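Letters go in sequence order (proteins before strands), and every chain restarts at 1. Since this is a predicted model, take the numbers as computed values, not measurements.
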Amino acid sequence: MLPCNTTPMDIPRRRGQRLKRQLDSIIIHFDYDAFYASVIEAETPSLRARPLAVQQKQIVVTCNYEARRRGLYKLQLITEAKKTCPDVVIVLGEDLTRFRNASKELYAFLRSFSWNSRCERLGFDEVWMDVTDIVDYNVRLLNQNDLANTFFCLSKTDPTEGFAFDASGVAGHTYPEVTSTEADAPRDLWDPLRLRLHLGSHLAQHLRQKLVSKKGYTCTVGVSTNKLLCKLVGNVHKPSDQTTLLPPYTSEDGCDNVTSFIDEHEVGKIPGIGFKLAQKLRAHVLQQPADFDSGLVYGGTNEKVLVRDIRTFSDMGPETLERILGGPGTPHGIGAKVWGLLNGCDDTEVGQARDVPTQISIEDSYVRLVALEEVTKELLVLSRSLLRRMHADLLDDDEDLQVSPNDGANIAAISEKRWLAFPKTIRLSTRPRPPQNPDGSRNRSFARISRSAPMPNFVFSLKDGIEVLAERLVKETLVPLFRKLHPEKSGWNLSLVNVAATGMVDAASEKGGVGRDIGKMLKRQGDVLKQWKVYDTGGQDQTKEEVDVSMQVQDVWDEKNLEPSPPPPPIRPSESRIGSEDIPTPSQELSFLPEDRWESEDEDMLDDDSYRCEECGGVMPIFAMGAHARWHAQN
DNA sequence: CTGGGGTCCT
DNA sequence: AGGACCC
């Protein structure tokens, strides 16, 4: 990392609270413009010239900028949108598949430019990228005496990959705006932070151009030193543009650009300060409960509560905020966290890119859902979608060259699908419609209730069709969960049902992972002995080291005081370490429930804590059976 | 009659 | 299991 000018300077402090702005990182925030509408337009380019709205149930979830020009906006009621703009083109967008696919593709595209894989998605249409390493690498390369003619290198290995740019200036807009008189004034180009922000802005512009030319999508971008600031500053120039937050970032007296920028925001606009926190903060500075409708009464006028109003309020600081905002159920350190946000400080890292989500959920909302028969039908619809999603998002298909068993000379490309991750839990949630009040009105509530169960292993079968698996899932798991959730025989009236696969456990601990290697070796070689070799990625250099996995498995068993047993057929080592929660439940009709233990000659080899798989005869502790069953399911 | 998703914390 | 936050 480049030596920085920081000595990170202190932000003005209250009673000894030191707040530091982390200035060592350069972060870019991408926000695709009117994303759902852009996906539709990419499919049907003729719609680009028309006002276009995407509908889910009764609302416009998003609309393109042509529609916004004509007065439409996000989360508007459909009826109102049609009134305002009668010739609006409305497209139904309740099925998110196309949006999810487009989001994945764009995310993968942006990731391909990253060196450190620190790319984090938020929702379908936002991505942060930590480009500190790329920027610092290029700062080291550039000639400080000829900044105007600089080459931005995009590859550590190929010095010709990149683009020419002028490092003495920013690409795109800035905050604050640079006026024409200031533009000629001497700027401190030796300020490392300024120079790094310049480079970040040019990289951002390059990526935006690539996104347009290669993928056909425009986006709005912010460039700064932390996730909070780059996300906020991007909003300054909205569709299809970019803004960089310029230094100085620190000062003794609040005259820095960070403070002046963030101070003008309404408190609820700060990411991380949601409805509840914003209401508490407003109530504190207004000295009265904040108006629910956010049209806040402030000194008799209709004014908003700004970050500045809170930040400069008497006795304000992390402890005061902790008192105002803290309490049972609230996260620890909320006062310090919010104090940081109000000062433009955010030390949360841009997350490592993931290839598997932590949760997959499918839901639908209903005007009226009352009979068990209807519920069962809807559960089936949702289950099909969930299984399709699991296949789309958790299954890795690689075209694997395989020798056909019939004809050794015939080498065919066979699509070999394997689970990248297994959700351990299935969850059913509903949103009961609040009962009618005596006066006929309804309280509005969006609260959900839920029950969970272990995910049955049969859902991982790749031999059975989704249809038959979905039916079984409904019958054996979801209907029982529904009865647990709604023990009353009837009378419930649901406005929403959600089915989710949660508790994702990676099949392989790392990329190129252990579990897959084992499985492939089996497929290719059918070599029983080599099953027990595992590659343990050890050092930073990624060199692989052979380790005898039977020793590892044995270690685990020894903890359970088991006698040594012959190795079962492949339990994928990474899974065998999942732990004791990975236990099948009685409802799953597994072939190795305790009663299925062998009672014959080698019974004396099995103590009460070990079980035998009927399918293959393998002996294992109960905690290994879930992984083992999934292994059978896909082989 | 505010959608259909997500994440993390308690 | 629920709540708060994000889009």
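- Here A/Asp364 lies in heavy-atom contact (under 4.0 Å) with sugar-phosphate atoms only.
- For A/Pro357, the side-chain atoms get nearest to B/dT7 when compared with the rest of C/dC7, B/dG4, B/dT7.
- A/Phe99 comes within 4.0 angstrom of nothing in the nucleic acid, heavy atoms only.
- Listed nucleotides: C/dC6, B/dT7, B/dG4. Nearest to the side chain of A/Tyr36: B/dG4.
- A distance below 6.0 Å separates the ring centres of A/Phe422 and A/Phe460.
- Place A/Thr330 and A/Ser365 on DNA chain B by their nearest nucleotides, and A/Ser365 ends up nearer the 5' end.
- In this structure, A/Lys231 reaches the C/dC7 phosphate: one of its side-chain N or O atoms is under 4.0 Å from OP1 or OP2.
- A/Arg70 places no side-chain N or O within 3.5 Å of a backbone atom of A/Pro86 that could act as its donor or acceptor partner.
- Here A/Gly272 lies in heavy-atom contact (under 4.0 Å) with sugar-phosphate atoms only.
- Rounded to a whole Å, the CZ atom of A/Phe35 is 17 Å from the P atom of B/dG4.
- B/dC9 atom P lies 15 Å from atom CD of A/Gln359, rounded to whole Å.
- Using a distance-only test at 3.5 Å, with no hydrogens or angles considered, a donor-acceptor pair links the side chain of A/Tyr107 to the main chain of A/Cys119.
- Of the side-chain N and O atoms in A/Ser361, none sit less than 4.0 angstrom from OP1 or OP2 of B/dG5.
- When rounded to the nearest whole Å, the span between CZ of A/Arg444 and P of B/dG3 equals 12 Å.
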What's touching nucleotides 1-4 of chain C from the protein side, N or O pairs under 3.5 Å?
{"from": "C/dA1", "atom 1": "OP2", "to": "A/Ser452", "atom 2": "N", "distance (Å)": "3.2"}
{"from": "C/dA1", "atom 1": "OP2", "to": "A/Ser452", "atom 2": "OG", "distance (Å)": "3.4"}
{"from": "C/dG2", "atom 1": "OP2", "to": "A/Ser450", "atom 2": "N", "distance (Å)": "2.6"}
{"from": "C/dG2", "atom 1": "OP2", "to": "A/Ser450", "atom 2": "O", "distance (Å)": "3.4"}
{"from": "C/dG2", "atom 1": "OP2", "to": "A/Ser450", "atom 2": "OG", "distance (Å)": "3.4"}
{"from": "C/dA4", "atom 1": "OP1", "to": "A/Lys276", "atom 2": "NZ", "distance (Å)": "3.4"}

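- Taking atom CG on A/Leu228 and atom P on C/dC7, their separation rounds to 11 Å, with Å as the unit.
- Between A/Asp125 atom CG and C/dC7 atom P the separation is 9 Å, expressed in whole Å.
- Projected onto DNA chain B by closest heavy-atom contact, A/Gln58 and A/Arg100 fall at different nucleotides, the more 5' of which corresponds to A/Gln58.
- At least one donor-acceptor pair closer than 3.5 Å links the side chain of A/Glu374 to the backbone N or O of A/Val370.
- At the phosphate of B/dC9, neither OP1 nor OP2 sits under 4.0 Å from any side-chain N or O atom of A/His332.
- In this entry the distance linking NE2 of A/His29 with C1' of C/dC6 reads 10 Å, nearest Å.
- Looking at heavy-atom distances under 4.0 Å, A/Gln55 makes no contact with the nucleic acid at all.
- Considering A/Val375, A/Val381, A/Val499, A/Leu379 as possible partners of A/Val474, the one that fulfils the side-chain contact (heavy atoms from CB on, under 4.5 Å) test is A/Leu379.
- In terms of the ring pair (Phe, Tyr, Trp, His ring centres under 6.0 Å) criterion, A/His332 has no residue partners (sequence neighbours excluded).
- Under a 4.0 Å N-O distance rule, the pair A/Lys417/A/Asp396 does not qualify as a salt bridge.
- Contact annotation: A/Arg427 does not reach the phosphate of B/dG6 (side-chain N/O to OP1 or OP2, under 4.0 Å).
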- Task: With side-chain hydrogen bond (donor to acceptor under 3.5 Å, both in side chains) as the test, would you mind laying out the steps for A/Ser383 and A/Arg388 before giving the verdict?
- Result: CA-CA 8 Å; A/Ser383 294; A/Arg388 267 186 255 117; over 6 Å; no

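- When heavy atoms are screened at a 4.0 angstrom cut-off, A/Lys227 is found touching no nucleic acid atom at all.
- Annotation: B/dC1 and C/dC7 have their P atoms spaced 26 Å apart (nearest Å).
- Rounded to whole Å, the distance from CZ on A/Arg121 to C1' on C/dC5 is 18 Å.
- As a whole-Å value, the separation of A/Ile362 CD1 from B/dG3 P is 17 Å.
- Nucleic acid contact for A/Arg433: sugar-phosphate only, since backbone atoms but no base atoms lie under 4.0 Å from a heavy atom of the residue.
- Remark: side-chain polar atoms of A/Ser103 are not paired, donor with acceptor, to backbone N or O of A/Phe99 under 3.5 angstrom.
- Backbone-only contact: A/Glu126 has heavy atoms under 4.0 Å from sugar-phosphate atoms and none from a base.
- When the side-chain nitrogen and oxygen atoms of A/Lys57 are compared with OP1 and OP2 of B/dG4, one or more of them lie within a distance under 4.0 Å.
- The residue A/Ile270 sits close only to the backbone: its heavy atoms come under 4.0 Å of sugar-phosphate atoms, none of a base.
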